[in-house]
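Worksheet: the structure to be examined is printed underneath.
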Protein chains: 2
Amino acid sequence: MIRQPTIRQVAALAGVSPSTVSRVLNGNDGQHMRPATRDRVLEAIHELDYTPQRAARSLRRQRSQVLAILLPDISNPFFALLARGVEAVAFDAGCSTLICDSDNLVPKETRYLSLLLAERVQGVVLVPVAQPDRDAIDRLARCGVRVVVADREVRGLPTISADNRAGSRMLTEHLLELGYRQIAYIAGPSDVSTANDRLAGFLDALRARNMSPVCVRHSPYTYESAYATAKAILARSVLDAIVAANDLMAVGVMRAAEELGRAVPDDLGVAGFDHVPWAAFVRPRLTTVEVPARHMGTEAARMLLEGSVESLLLPVRIIPGETCSRRSMR
Amino acid sequence: MIRQPTIRQVAALAGVSPSTVSRVLNGNDGQHMRPATRDRVLEAIHELDYTPQRAARSLRRQRSQVLAILLPDISNPFFALLARGVEAVAFDAGCSTLICDSDNLVPKETRYLSLLLAERVQGVVLVPVAQPDRDAIDRLARCGVRVVVADREVRGLPTISADNRAGSRMLTEHLLELGYRQIAYIAGPSDVSTANDRLAGFLDALRARNMSPVCVRHSPYTYESAYATAKAILARSVLDAIVAANDLMAVGVMRAAEELGRAVPDDLGVAGFDHVPWAAFVRPRLTTVEVPARHMGTEAARMLLEGSVESLLLPVRIIPGETCSRRSMR
DNA sequence: CTGAAAGCGCTAACAC
DNA sequence: GTGTTAGCGCTTTCAG
């Protein structure tokens, strides 16, 4: 097991001191480093195939070249896309990316927050399970570890999110224009901001026309719960459309409708939210709202690296599909 | 910006030396540390809410408590599941997990391999794009950074993979039992071992019956290419089934069949591979083979942590679906 | 059973 | 412009 060369060996080979090597490594060529010196150092670095050891640098600087993304479930494609955005920006900046999966568990999220302090990461992109542990976040802040919340809002913390409320309002207006009138809404969990914002946007659109929903149900952001909820409300109420708070739930609604003999979109309009990639495989094609997951990740990472974290609201876009289509007035 | 407490402060508060604190931290309570001493240290740690700084430990030990997963695309749900497995095991062992997305680019993969050496990670779970850079891997090995390949095989390196060949053979036998006879195969890229193994298994099954495929086409593991390939071969050949090398491609085949007016499964049987979660949303339900992605991740991580890396072949399971069903002999 | 001391590889004052 | 020096916080011989 051979040891990699150190900065001292590079210095020796180049006939300079370690600090000089350090300077060229970090672009602190002072005001004007003699080009010949620089070249000799570069040559020595190349010769030895030298790479600085991150741990030593981190210890000295009290800060590692690492970004972290802490999210509820990496196997959810929406979050995976967001993580991809973070990783891409981090990589270009020469940083590594830690992936922290809280598994939708607040205690695990809290434990990860402590771990990230121990790692002295540059910054954390946090997609919280619900309301995150404030103590843990405060301790990070006290040590200069920046935290930016993505996708879901947390009061008092800078957040990069999509304009869920406006998106949901526009989506609902789209359904209304198509002639749908008896609309039910299956919302996400009430402790998640996106769920509340999307519900609010839905209600905004109805209220603007002096209408009200046939019914509103909260449920987790899952296929199964949406499937069960849809079955229940379709059995009990007269309605011509169901809007679900995300695509996964919308597909659950489609299956429920199918099993109850309600044809989509003729007998029932269905809409989702997120525009996740796999949704493109479902037929009929889902009417939904595109949320720029990857873009949220890149923006969050960029802010963390630049040290200028401030809230940002990203625009969304309606994706018309086949699950909602014009219908005659009844 | 406040500094976190150090081991010296803990030692001072407990009235012991830093080495003693270090010993309780690492469970090296020597042979028998006086319980009273231990308790005082523990108390001080708790009192100060002390967490050891990872960078210092890593520098001293010349090894960080970090595992890395280097894969072609984290937004591919199959790889995301594998990553989830790695992360779960790492977390339970008190390790962090670096996520490295090579974006299906060998040069980026190589650059990440260097970065991971600079990070002195404990180990790397590598899902290679194709044949990885041997030099980079050798340098890791020389520094004691263990590498285990997952999912795709690389000659000369320990690999955790699924039994793709047997799975593909069983799947093909399943189609044959259902009465399908004129079968085409859309394979994955020929520089990826899983693609070759799956193709080999398919051919094994046919050969055992003295049959041969209507045609075999290589293509990247993508929806679009499978869609285009299926359109082409359906126009040109007489066939009653198409087996695709993964689920994504199988869905591409389904769409192509649909557009050409070939009903699935009556007019055309379709099969995939992987059993990724979103495939459950496609109708008719896909006949496929379950590959234990998450399990591959947990096993790989466990080996890396235990330091006993050796190849492992995991069993797979046929998932019968609606895209293949019994048909009368023609 | 516990303490003292050295040093991992790097950077950042501070000299010259 | 470049070298010298002093640590960052931890672990680990080696003493005792």
Side-chain angles (χ1 to χ4, degrees), chain A residues 1-42 44-45 48-66 94 117-120 143-144, chain B residues 1-42 44-45 48-66 94 117-120 143-144:
Chain A
M1 189 175 126
I2 298 155
R3 280 272 249 265
Q4 289 289 107
T6 75
I7 203 171
R8 300 186 71 87
Q9 298 175 41
V10 176
L13 182 59
V16 298
S17 76
S19 20
T20 300
V21 178
S22 174
R23 282 190 266 260
V24 346
L25 246 27
N26 298 290
N28 300 340
D29 320 36
Q31 311 338 333
H32 316 276
M33 172 178 293
R34 197 170 297 165
T37 314
R38 244 180 66 93
D39 290 348
R40 262 184 303 135
V41 171
L42 256 11
I45 287 173
L48 297 175
D49 203 9
Y50 166 78
T51 325
Q53 193 169 313
R54 298 278 174 130
R57 175 177 290 183
S58 302
L59 177 59
R60 181 59 230 234
R61 293 206 191 142
Q62 288 296 300
R63 177 114 297 124
S64 65
Q65 286 181 285
V66 175
L117 175 58
E119 294 273 8
R120 296 290 190 281
C143 276
Chain B
M1 190 175 125
I2 298 155
R3 281 272 249 264
Q4 288 288 107
T6 76
I7 203 171
R8 301 186 71 86
Q9 297 174 43
V10 175
L13 182 58
V16 298
S17 76
S19 13
T20 300
V21 178
S22 175
R23 281 190 266 260
V24 346
L25 246 30
N26 297 293
N28 300 341
D29 322 33
Q31 313 334 336
H32 317 277
M33 174 177 292
R34 198 170 297 165
T37 313
R38 243 180 67 94
D39 290 348
R40 261 185 302 137
V41 170
L42 257 12
I45 287 173
L48 297 175
D49 203 8
Y50 167 78
T51 324
Q53 194 170 313
R54 298 278 174 128
R57 174 178 289 182
S58 301
L59 176 59
R60 181 57 230 234
R61 292 207 189 138
Q62 288 296 300
R63 175 114 298 123
S64 66
Q65 286 181 285
V66 175
L117 175 58
E119 294 273 9
R120 296 290 190 280
C143 277

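Residue numbers start from 1 in every chain, and the chains themselves are labelled A, B, ... in the order their sequence lines are given, proteins ahead of strands.
Here R3(A) lies in heavy-atom contact (under 4.0 Å) with sugar-phosphate atoms only.
If you take CD of E119(B) and C1' of dG9(C), they are 14 Å apart, rounded to a whole angstrom. Here dC8(C) presents its P atom at 16 Å from CD of Q4(A), a figure rounded to the nearest Å. In this structure, CD of Q53(B) is placed 6 Å from P of dG9(D), rounded to the nearest angstrom. With rounding to whole Å, L59(A) atom CG is found 13 Å from dC8(C) atom P. When rounded to the nearest whole Å, the span between CZ of R57(A) and P of dC8(C) equals 18 Å. Computed from coordinates, the I45(A) CD1 to dG9(C) C1' distance equals 14 Å when rounded to whole Å. Rounded to whole Å, atom C1' of dC1(C) lies 12 Å from atom CZ of R40(B). In this structure, the CG atom of L117(B) is 13 Å from the P atom of dG9(C), given to the nearest Å.
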Hey, what are the protein-to-nucleotides 4-6 of chain D N/O distances that come in under 3.5 Å?
{"unit_1": "dT4(D)", "atom_1": "O4", "unit_2": "S19(A)", "atom_2": "OG", "d": "2.9"}

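With sequence neighbours excluded, the residues satisfying side chain to side chain donor-acceptor pair (under 3.5 Å) with Q62(B) are Q53(A). Partners of S58(A) under the side chain to side chain donor-acceptor pair (under 3.5 Å) rule, at least two apart in sequence or in another chain, do not exist in this structure. Contacts of R63(B) classified as side chain to side chain donor-acceptor pair (under 3.5 Å), with partners at least two apart in sequence or in another chain: none. Annotation: salt bridge (Lys or Arg N to Asp or Glu O under 4.0 Å) contacts of D49(B) (sequence neighbours excluded): R139(A).
The phosphate of dT11(C) has OP1 or OP2 within less than 4.0 Å of a side-chain N or O from S22(A). Remark: R34(B) is not in phosphate contact with dC1(C), judged by side-chain N or O atoms under 4.0 Å from OP1 or OP2.
The C1' atoms of five pairs define one axis at each end of the helix from dC1(C)-dG16(D) to dC16(C)-dG1(D), and these two axes lie 40° apart (to 10°).
For R8(B), the CZ atom counts as loosely surrounded, since its 6.0 Å shell holds 12 or fewer non-hydrogen atoms of other residues, nucleotides or ligands.
Between the side chain of R120(B) and the backbone N or O of S64(B) there is no donor-acceptor pair closer than 3.5 Å. Side chain of R54(B) to main chain of A118(A): no donor-acceptor pair is present (N/O by atom type, distance under 3.5 Å, no hydrogens or angles).
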- Message: Run V66(A) and E119(A) through side chain to side chain contact (heavy atoms under 4.5 Å, CB included) and show every step you take.
- Response: CA-CA 9 Å; V66(A) 175; E119(A) 294 273 8; over 6 Å; no

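Taking the side chain of R61(B) as heavy atoms from C-beta on, and the options dT11(D), dT11(C), dC10(D), the nearest nucleotide is dT11(D).
In terms of position along DNA chain C, the nucleotide closest to T37(B) lies nearer the 5' end than the nucleotide closest to the other residue of the pair T37(B) and A56(B).
Contact annotation: the side chain of R23(B) never approaches that of T37(B) to less than 4.5 Å [non-hydrogen atoms, C-beta and beyond].
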